[in-house]
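Quick note: numbers below take in every heavy atom, side chains included, and nothing from hydrogens, waters or symmetry partners. The sequence lines fix the lettering, A, B, ..., with proteins before strands; numbering per chain opens at 1. Keep in mind that what you see is a predicted model, and the values were worked out from it rather than measured.
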Amino acid sequence: MPELPEVEVTRRRIEPLLVGRTIQRVRTTADSYFFLTPPAKLRQKLRGRRVTALDRHGKYLLASLDDESRLLIHLGMTGQLFSAGASSVRLLRKTGRAALAPESQRAFKPDEHTHFALAFDDGGPDVLFRDVRKFGKLALLPAGESDPRLDKLGTDALAADGALLFAASRRRRIPIKTLLLDQSVLAGAGNIYADEALFVAGVRPTRRSARVTRREADAIIAALHRVLLRSIETGGSSISDYVQPDSSDGAYQDERRVYAREGEPCSLCGAPIRRLVIGQRSAHYCAHCQR
DNA sequence: ACCGCACCCTGAGCGC
DNA sequence: TGCGCTCAGGGTGCGG
């Protein structure tokens with residue numbers, strides 16, 4: 001799933017398919033912890049609502065509705081938000097990455113992992129939310145109400161600067177990698193881009209946060225901006241489940257320098273990329289280039 | 001306040 | 001073919 005670039009690419013693709021349209025019917029799967037708002041309530045409250053905006057906050061998407069309520073969406077690890085009319089080949093196949101000829105592609109039919117489907121009164125394509133692992137989240141926020149998940153978010157990773165990271169890192173014993181993943185500090189960085197940014201900045205992911213210098217904090221944020229923006233440009237990563245909401249797979253995975261490249265030669269020095277576990281997540285780095 | 005860990009869920013890939 | 005194991009862009013909640 002999706003980290004900030006994948007969520008932002010999704011937002012840009014889905015916005016024109018959502019904003020200005022009026023919801024006619026909502027289909028959901030059975031209640032589960034995926035639904036922060038019970039699905040029966042979603043089906044009832046969303047009918048007849050017009051979508052007025054789609055915004056991103058860190059890895060969350062927030063759809064504004066014409067009655068001032070808001071729909072909060074998180075894609076979790078395997079969430080996919082896409083148009084039923086133009087789905088990815090990847091969605092249609094259980095395994096394999098071979099491309100099908102365009103003429104053999106067809107519209108995606110909602111399956112048991114499609115937990116949420118919006119049909120609109122204009123008869124155009126449905127918007128679907130599919131999530132195999134159900135780590136995603138869906139909540140309807142009534143007019144004037146927020147959500148603790150949103151309130152807790154720190155500065156968006158693209159808006160943050162080195163001073164912010166440096167301040168947050170003081171007197172913290174956790175590895176800098178773990179700090180980068182803390183959404184209450186920086187909102188939007190995830191496992192891929194944290195590893196990539198630390199490589200570009202030349203800082204080892206295990207470094208205690210309190211031992212990161214101000215200069216390094218600047219370098220980490222500059223590197224983070226660079227990898228996030230480059231990934232947005234190329235349509236995001238698609239390691240396994242992520243697909244662009246309209247069709248093709250993202251291309252950023254071809255530009256990864258360390259993530260999921262254990263044992264491969266470092267692109268700068270040739271030393272083998274190492275992998276270790278930090279905070280229950282895998283971390284990848286070059287022991288020669290990152291200190 | 002901070003930190004580490006268990007847990008939520010499903011599927012792919014690997015060694016045997 | 002199948003079994004058992006590990007791993008996966010996420011986050012929350014608990015106890016120490």
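Across all strands shown, A:Ser282 has heavy atoms under 4.0 Å from sugar-phosphate atoms exclusively, and none from any base.
Side-chain atoms of A:Tyr60 lie closest to C:dG11 of the nucleotides B:dG4, B:dT10, C:dG11. Set against B:dT10, C:dG11, B:dC3, the side chain of A:Gln183 has C:dG11 as its closest nucleotide. In the set B:dC3, B:dC9, C:dA8, the nucleotide with an atom closest to the side chain of A:Tyr33 is B:dC9.
Distances shown here put a side-chain N or O of A:Lys59 below 4.0 Å from the OP1 or OP2 atom of C:dG11. Put simply, A:Arg275 has a side-chain N or O that comes within less than 4.0 Å of OP1 or OP2 on C:dA8. Between A:His113 and the phosphate of B:dC9, there is no side-chain N or O to OP1/OP2 separation shorter than 4.0 Å. Contact annotation: A:Ser32 side-chain N/O to B:dC9 OP1/OP2 distance is not under 4.0 Å. The side chain of A:Arg172 contributes no N or O atom lying less than 4.0 Å from OP1 or OP2 of B:dA1.
Across the protein-nucleic acid pair, A:Phe135 atom CZ and C:dC7 atom P stand 15 Å apart, rounded to whole Å. To the nearest angstrom, P of C:dG11 lies 13 Å from CG of A:Leu180. The CD1 atom of A:Ile73 sits 16 Å away from the P atom of C:dG11 (whole-angstrom rounding). Computed from coordinates, the A:Ile174 CD1 to B:dC5 C1' distance equals 15 Å when rounded to whole Å. The distance from atom CG of A:Asp131 to atom P of C:dG11 is 13 Å, rounded to the nearest whole Å. One atom, CG of A:Leu36, and another, P of B:dC8, lie 17 Å apart when rounded to the nearest Å. If you take CZ of A:Arg208 and P of B:dG4, they are 7 Å apart, rounded to a whole angstrom. To the nearest angstrom, C1' of B:dT10 lies 13 Å from CD of A:Gln80.
At distances below 3.5 Å, not a single donor-acceptor pair connects side-chain atoms of A:Thr78 with backbone N or O atoms of A:Asp131.
Residues A:Ile220 and A:Leu180 are in side-chain contact: their nearest non-hydrogen atoms beyond the backbone lie under 4.5 Å apart.
Separation of the P atoms belonging to B:dG11 and C:dG11 is 22 Å when rounded to the nearest angstrom. One P atom belongs to C:dT6, the other to B:dA6, and the distance between them is 13 Å to the nearest Å.
Both tests pass for A:Arg21 against the ring of A:Phe120: distance under 6.0 Å to the centre and angle within 45° of the axis. In this structure, A:Arg56 forms no cation-pi arrangement with A:Tyr60, as its terminal cationic atom is not both closer than 6.0 Å to the ring centre and no more than 45° off the ring axis.
Interface residues of residues 148-156 of chain A facing DNA chain B, ordered by number: none; criterion, heavy-atom separation under 4.0 Å.
When each of A:Lys134 and A:Gln280 is assigned the nucleotide of DNA chain B with its nearest heavy atom, A:Gln280 is the one assigned upstream, toward the 5' end.
Among all heavy-atom pairs drawn from A:Pro2 and A:Gly76, the shortest one is CD-O, 3.1 Å.
With respect to A:Lys177 and A:Asp195, a salt bridge is recorded, a charged nitrogen being found less than 4.0 Å from a carboxylate O. Taking a cutoff of 4.0 Å between a charged side-chain nitrogen and a carboxylate oxygen, A:Arg50 and A:Asp67 do not qualify as a salt bridge.
The base-pairing partner of B:dC9, taking Watson-Crick or G-U wobble contacts with both distances under 3.5 Å, does not exist among the strands shown.
Using cut-offs of 30° and 60° for the angle between ring planes, the A:Phe116 and A:Phe129 rings count as perpendicular.
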